[in-house]
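In listed order, ligands and their atoms are each counted from 1. In what follows, every heavy atom counts, from backbone to side chain, and hydrogens, waters and symmetry copies are set aside.
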Amino acid sequence: MDPLGDTLRRLREAFHAGRTRPAEFRAAQLQGLGRFLQENKQLLHDALAQDLHKATQLDSAFIRKEPFGLVLIIAPWNYPLNLTLVPLVGALAAGNCVVLKPSEISKNVEKILAEVLPQYVDQSCFAVVLGGPQETGQLLEHRFDYIFFTGSPRVGKIVMTAAAKHLTPVTLELGGKNPCYVDDNCDPQTVANRVAWFRYFNAGQTCVAPDYVLCSPEMQERLLPALQSTITRFYGDDPQSSPNLGRIINQKQFQRLRALLGCGRVAIGGQSDESDRYIAPTVLVDVQEMEPVMQEEIFGPILPIVNVQSLDEAIEFINRREKPLALYAFSNSSQVVKRVLTQTSSGGFCGNDGFMHMTLASLPFGGVGASGMGRYHGKFSFDTFSHHRACLLRSPGMEKLNALRYPPQSPRRLRMLLVAMEAQGCSCTLL
Ligand code: NAD
């Protein structure tokens with residue numbers, strides 16, 4: 001007869017059988033603990049009183065999600081409606097008042113946001129402020145309780161500097177260069193379809209678009225005809241006349257992008273038309289790491305391919321650079337995708353596709369390092385725009401127990417205090 005041995009064996013067997021692994025099981029156990037406390041309050045009070053002379057209510061600890069107050073949302077031009085309204089939903093849902101600063105560059109949407117949107121919300125709690133860099137700079141001199149900025153890393157630093165003067169917390173949703181690793185073990189046509197769609201979507205003016213491809217020279221040879229075939233299928237023989245291809249937002253961006261066409265060698269596309277702000281879906285090869293196209297975020301319909309000899313070299317290449325907003329890995333081998341995932345860092349990650357991870361409200365969206373800080377989408381938006389206030393409600397009684405923590409201190413008292421804290425699992429019942 002060995003009751004203790006039997007018990008331990010039983011528990012160990014349950015563990016090895018995987019009983020404790022499912023999330024439902026864990027949740028059920030925790031709910032059981034909650035019910036235990038709720039349903040046996042009196043029983044526990046009596047027992048505590050007998051053991052420790054503690055007759056008291058159990059402490060009540062909770063998180064109160066409170067609105068920050070006055071929130072400033074600054075948005076860019078590339079998805080001018082989505083990138084204003086999605087944060088706005090979170091800010092309003094959490095109970096904040098909001099100042100919205102849309103981009104002056106997407107001026108038609110800016111006008112609607114300024115003139116029409118306010119009619120649909122309570123204007124005593126909501127305002128749209130217009131302007132470019134200078135006006136935004138003046139706006140930032142004011143004190144806000146939270147600033148949510150989407151835009152470039154350069155302006156992100158200006159925003160964070162201004163916020164620091166008031167110790168205002170920020171979310172920075174920034175950009176950068178998103179690598180796309182393509183393993184030799186892939187179907188090139190599938191990769192071409194997925195990469196091209198995400199790269200050329202909105203004429204490449206998407207913060208999470210794959211910015212460049214990393215692959216072996218052999219994969220590049222297989223990928224190029226596949227990309228050509230995809231581009232022709234998506235946009236026809238003359239992409240400029242395709243209704244499915246967007247245009248570059250303005251002349252400044254157009255000139256910047258046209259200059260990038262001079263990097264490496266054009267393998268596909270390369271045409272441009274200034275009067276139409278058109279840049280053809282383009283693939284560049286023989287690109288050097290120090291060329292501008294590999295130094296700045298492209299933000300246009302240009303896809304450079306950089307050759308690497310191995311997965312290790314690709315990972316080393318990625319880790320040598322700033323942490324990207326998104327990272328993509330294509331391979332038929334889940335081991336390869338997993339290695340890219342585990343040995344790198346990025347705001348988000350998608351294996352075998354483009355920015356689909358961003359479309360799921362169940363996943364947080366945000367950058368890390370130079371690609372930003374903070375997160376939103378779905379419930380994460382609500383949490384971002386809420387202060388998580390840690391609260392504890394204690395009983396006004398049981399002052400005798402509290403005496404332990406008051407001076408004058410003595411080694412004996414200190415020992416008792418430590419024992420009591422340990423017994424409480426470091427809970428605050430005593431402290
Ligand atoms: P931007 O940084 O130039 O402008 C963003 C906002 O900041 C605009 O409202 C603009 O008026 C304001 N602004 C510009 N210069 C300013 C200054 N000197 N002082 C104060 N405010 C200033 O960015 P953009 O060109 O509108 O958008 C493109 C950038 O945004 C890219 O880097 C892209 O990757 C990034 N982006 C990121 C996300 C994301 O969710 N992480 C989404 C879209 C775009």
Protein heavy atoms near atom 34 (O) of ligand 1, is at least one of them under 4.0 angstrom away? yes
Looking only at protein heavy atoms, identify the closest one to atom 18 (N) of ligand 1 and say how far it is in Å. Ile158 CD1, 3.5 Å
Taking only heavy atoms of Pro76 into account, list the atoms of ligand 1 that are under 4.0 Å away from them. 24 (P), 26 (O), 27 (O), 43 (C), 44 (C)
Report the relative orientation of the aromatic rings in Phe148 and Tyr376; use parallel for angles under 30°, tilted for 30 to 60°, perpendicular for over 60°. perpendicular
Nitrogen or oxygen atoms of Ala75 and ligand 1 under 3.5 Å apart: yes
So Phe365 and His377, would you call those rings parallel, tilted or perpendicular, with 30° and 60° as cut-offs? parallel
Go through the structure and list residues passing side-chain hydrogen bond (donor to acceptor under 3.5 Å, both in side chains) with Asp122, not counting sequence neighbours. Ser124
Going by the atom numbers of ligand 1, which of them fall below 4.0 Å from some non-hydrogen atom of Glu104? 10 (C), 11 (O)
Between ligand 1 and Leu174, is the shortest N or O to N or O distance under 3.5 Å? yes
Which of the numbered atoms in ligand 1 are under 4.0 angstrom from any heavy atom belonging to Lys101? 8 (C), 9 (O), 10 (C), 11 (O)
Whether the Thr230 and Asn193 side chains hold a donor-acceptor pair (N or O, under 3.5 Å, no angle test) is what I'd like checked. yes
What atoms of ligand 1 come within less than 4.0 Å of a heavy atom belonging to Leu83? 42 (C), 43 (C)
Salt bridge present between Asp312 and Arg339 (N-O < 4.0 angstrom): yes
